[in-house]
Amino acid sequence: MDAAQAIEQRLEEARADPRKFVLRRQGYSQSIDPCAMEPDNGNAWYDPHTRTLCLITATQSPYEVARVAALMVKDNPRFPVEKIELLTGSTVGYGSKDHSIFPYYAIAACFYGAGRPVRLANTRYDQFQMGMKRHAIDMDVTIAVDRSSGLFDVLKGEYTCNGGGRANFSFSVAQVAATAAQSIYYFPQSDLAGVALSSPAVEAGSMRGYGALQAMTMTEVMVDEIAAELGLDAIELRRRNAQRPGYPNTQGAVPEGDPRNLEMLDRAAAHPLWRNRETDKASYEAAHPGHRYGLGFAQAQKDYGSGADTGALVLEFDAQGVLAMRHCTQEIGTGATTAQQIMVQRILGKVPDVAVFGITAFEQLPLVSNEIPFTLTQQQQDELARDPYWVPSLLPPMSASNSAYFIGFSTRQAARFLLENTIWPAAQAIWGGGPAGGQLASGDMRMQDLRLVNGGIGGGGMSPIPFEDIARKAHELGLITGVAVHCFSRWQWASAEFDIPGAGLRTLPVDALAVRYGDGAPDEYKRLMTTGGYHFIKRTTVQFPSTDRNRAGVTQYTAAACLVAVDVNTHTGEVRVLKHHSVLDTGMVIVPELVSGQQQGGLAMGIGHALMEDLPLYGDGPGNGTWNFNRYTVPRASDVAVWRQTAEYLPPQSDSSPPRAWPKW
């Protein structure tokens, strides 16, 4: 509070200083619907013979549903539950089915009906009535800037979120709004506060910007106003203040890598829409009397990740080369399930023949967690970490656009583990067979020379080996033919040391590891496979990220910039989008078609945010049962300049650049 008082004093001094410019504005971001086209639904029934609760539900957080369902039915003498069967399939989520209360209504209805099968399914009108909405936010923001240099000095913001009648993720939406308010800019001093309040409105949840979009929009609009006041080109002002590599954010954390903000600003400034904006305006308005042409630009960066991100999977193959994957990831419309399979293919040269997703329990990894990763003290973490079965959090919800980077991290670690400990030694054995040590003996082939080639694994001039032959040899030699991993990130990946039979001590960026040995493994190895058919290898040491990182905030960001040309009808006030161009930093693209779909969908959502969508909060709002898409306007193809949109993606800085989890704003 002393620092906040000092910042307020600095603002007062700046207001009295003619060399400074202080801009204060109040803003409001409206309540909107998530617009997931699949309403909430769920089936539940109880099998008294096996004491099993069966549940099929639409959720983006299967593990959370399973965990809370277990708490609901615990110690029920009338309907004792020993097992929960949960099926989730694919759904449309994007936050609208995270922390959702709907699956638990289905369970309650099942037991209220004496365990008989129950199906609850909202109609579209029902979904408007009870489905989560995006927070409406009131904002009060002040920015101080030096007139001569154009450099920002102070950012002060207060963000009040209307959470409706149930909390959902309101506490973190308020936090994200405050932490995201800086957008792409560096502010030497900042005082940011977020608060979420309950109200009689329909509950608000963690979707469509998660508080960041609302706060960053306010900042971007004010930056344009500052540029006009200072007589500076709006992109030039942004360039002077953009966050650069190594600059801390407003919480004091240094983002990972290069944010590439300057590169994106340069590309936007060079685009014909920006370069020719004055001549385009003059010619358009001359040809369209009563209309005004405007060109808008904004650039923002959104963090991805929650600060307690996990991933877990099992990846294994049999002696015939059938590759199978069981994965925690859940499909919510992002293409996460497709991406995980492509990641495996890029490392092992083969897409899994069998892939099962939405797994909520891994018997190969008998882990435990108290699930308090955000409030854990360092002393508690140090004590709990002595238990080789303990992790700060078990399985992830599909939130924070975490599939490409965070959940994909665990997928890549599992595939790389097999590459190093199985594929490479099996390939060496095959290439080294025959007279005089085979084709391998005369060269200097190393693991880093391995390449995916047509027909399988190759590289270094060696003949390609089909995956099926690799698998056969790996089982024959008794190598590791299956791996289960668990990963954890608190804005930094946990790492642990494992004593792996046949490989020795290895430090890996995982906090739990289990392996399966091939058919030809010695009996002493096979006797170790007692945990779900796997050998759970207890870590010898572990390094979990410091709990102080909860305080410091985010480190993973991705940026997006957009130029939008609009027509404003001065007679009717109608705003029409004429064309737009986007610049995105996607990192290493996994599936280009998925990135393109998200980019186009994100644009349509942004146009809806800005020009069309709105919900009253209280008595006249969506809770009164009269709302549907006949009253609620969402963008259509004619509204988004669908045939006059262009986009460019920054190329990855190297072939080892990770994918960025580009959020669908």
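The structure presented is a predicted model; accordingly, all values stated were derived computationally and were not measured. Numbering starts at 1 and runs along the sequence shown.
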- After noting the C-alpha distance and the side-chain angles of Asn249 and Tyr557, does the key distance pass the side chain to side chain donor-acceptor pair (under 3.5 Å) rule? CA-CA 11 Å; Asn249 60 21; Tyr557 288 95; 3.1 Å; yes
- Query: Is it true that a side-chain atom of Arg240 and a backbone atom of Ser149 form a donor plus acceptor pair closer than 3.5 Å?
  - Reply: yes
- Ion pair check, Arg238 and Asp233, cut-off under 4.0 Å: no
- Message: Just so I know, are the side chains of Leu23 and Glu229 near enough to count as touching, which here means a heavy-atom distance under 4.5 Å?
- Response: no
- Message: We want to know whether Glu371 and Ser393 form a side-chain donor-acceptor pair, criterion being a heavy-atom distance below 3.5 angstrom.
- Response: yes
- Message: Testing the basics here: between Ser100 and Asn168, what is the closest heavy-atom pair and its distance to 0.1 Å?
- Response: N-ND2, 4.4 Å
- Does a side-chain heavy-atom distance below 4.5 Å link His291 with Glu285? no
- Message: For Asp309 and Tyr304, which I'm curious about, is there any donor-acceptor pair between the side chains at under 3.5 Å?
- Response: no
- Which is it for Thr179 and Gln175 under the side chain to side chain donor-acceptor pair (under 3.5 Å) test, yes or no, and what are the steps along the way? CA-CA 6 Å; Thr179 58; Gln175 181 184 29; over 6 Å; no
- Query: Quick one: do the Ser172 and Tyr210 side chains pair a donor with an acceptor below 3.5 Å?
  - Reply: yes
- Has Arg19 got more than 12 heavy atoms of other residues, nucleotides or ligands less than 6.0 Å from its CZ? no
- Determine, stepwise, if the pair Ser199 / Asn162 fulfils side chain to side chain donor-acceptor pair (under 3.5 Å). CA-CA 7 Å; Ser199 80; Asn162 188 320; 2.6 Å; yes
- Check for a donor-acceptor pair, side chain of Glu64 on one end and backbone N or O of Ser61 on the other, with a separation under 3.5 Å. no
- Without hydrogens or angle criteria, can the side chains of His135 and Gln214 be said to hold a donor-acceptor pair below 3.5 Å? no
- Query: Quick check: does any side chain N or O of Asp98 sit under 3.5 Å from a backbone N or O of Gln60, one acting as donor and the other as acceptor?
  - Reply: no
- So do the side chains of Leu237 and Phe152 get within less than 4.5 Å of each other, counting heavy atoms only? yes
- Worked check of salt bridge (Lys or Arg N to Asp or Glu O under 4.0 Å) between Arg292 and Asp567: CA-CA 6 Å; Arg292 294 289 181 265; Asp567 169 295; over 6 Å; no
- Task: Determine whether the side chains of Thr547 and Gln381 contain a donor N or O and an acceptor N or O closer than 3.5 Å.
- Result: no
- Message: Quick check on Gln26: does its CD atom have over 12 non-hydrogen neighbours (other residues, nucleotides or ligands) under 6.0 Å away?
- Response: yes
- Task: State whether Arg24 and Asp140 are salt-bridged, where the test is any N-O pair (Lys NZ or Arg NE/NH1/NH2 against Asp/Glu carboxylate O) under 4.0 Å.
- Result: yes
- Task: Keeping the roles fixed (side chain from Asp191, backbone from Ala6), state whether a donor-acceptor pair exists under 3.5 Å.
- Result: no
- Sidechain-backbone polar pair: Arg576 side chain, Glu574 backbone, donor-acceptor under 3.5 Å: no
- Message: Testing Lys133, Arg134, Arg208 one by one against Glu613 for a salt bridge (Lys or Arg N to Asp or Glu O under 4.0 Å), which residue passes?
- Response: Arg208
- Message: Between Glu220 (side chain only) and Gln299 (backbone N and O only), is there a donor and an acceptor less than 3.5 Å apart?
- Response: yes
- Query: Quick one: does Arg490's side chain have a donor or acceptor within less than 3.5 Å of a partner on Arg549's backbone?
  - Reply: no
- Side-chain (Asn276) to main-chain (Thr279) donor-acceptor, under 3.5 angstrom: no
- Query: Quick one: does Arg277's side chain have a donor or acceptor within less than 3.5 Å of a partner on Trp274's backbone?
  - Reply: yes
- Contact check, side chains of Phe406 and Pro396, non-hydrogen atoms, under 4.5 Å: no
- Item | Ring centers of Trp493, Phe488 separated by less than 6.0 Å | no
- Just by distance, do the side chain of Gln598 and the backbone of Thr334 share a donor-acceptor pair under 3.5 Å? yes
- Item | Closest approach of Gly150 to Leu230 (non-hydrogen atoms, all atoms of both residues) | CA-CD1, 4.1 Å
- Query: When the ring planes of Phe128 and Phe629 are compared, do they come out parallel, tilted or perpendicular, using 30° and 60° as the limits?
  - Reply: perpendicular
- Which is it for Glu13 and Lys20 under the salt bridge (Lys or Arg N to Asp or Glu O under 4.0 Å) test, yes or no, and what are the steps along the way? CA-CA 9 Å; Glu13 293 170 357; Lys20 306 288 185 181; over 6 Å; no
- In terms of ring plane angle, is the pair Phe409 and Tyr405 parallel, tilted or perpendicular, where the classes change at 30° and 60°? tilted
- How far does CD1 of Ile226 sit from OG1 of Thr219, to the nearest 0.5 angstrom? 9.5 Å
- Item | Point-to-point distance, once rounded to the nearest 0.5 Å, from CD1 of Ile184 to CE of Met216 | 10.5 Å
- Query: Is there a donor-acceptor contact under 3.5 Å linking the side chains of Thr626 and Asn624?
  - Reply: yes
- Task: Taking all non-hydrogen atoms of both residues into account, name the closest pair between Thr570 and Gly290 and its distance.
- Result: OG1-O, 2.5 Å
- Would you please test Asn122 and Gln127 for side chain to side chain donor-acceptor pair (under 3.5 Å) and show each step? CA-CA 6 Å; Asn122 279 348; Gln127 191 65 29; 2.9 Å; yes
- Item | Distance-only polar pair, side chains of Gln243 and Gln301, donor-acceptor under 3.5 Å | yes
- Message: Between the side chains of Lys281 and Glu278, is the shortest nitrogen-to-carboxylate-oxygen separation below 4.0 Å, so that they form an ion pair?
- Response: no
- Query: Which pair of non-hydrogen atoms, one from Leu563 and one from Ala268, has the smallest distance, and what is that distance?
  - Reply: CD1-O, 3.8 Å
- Is the number of heavy atoms from other residues, nucleotides or ligands under 6.0 Å of Lys579 NZ greater than 12? no
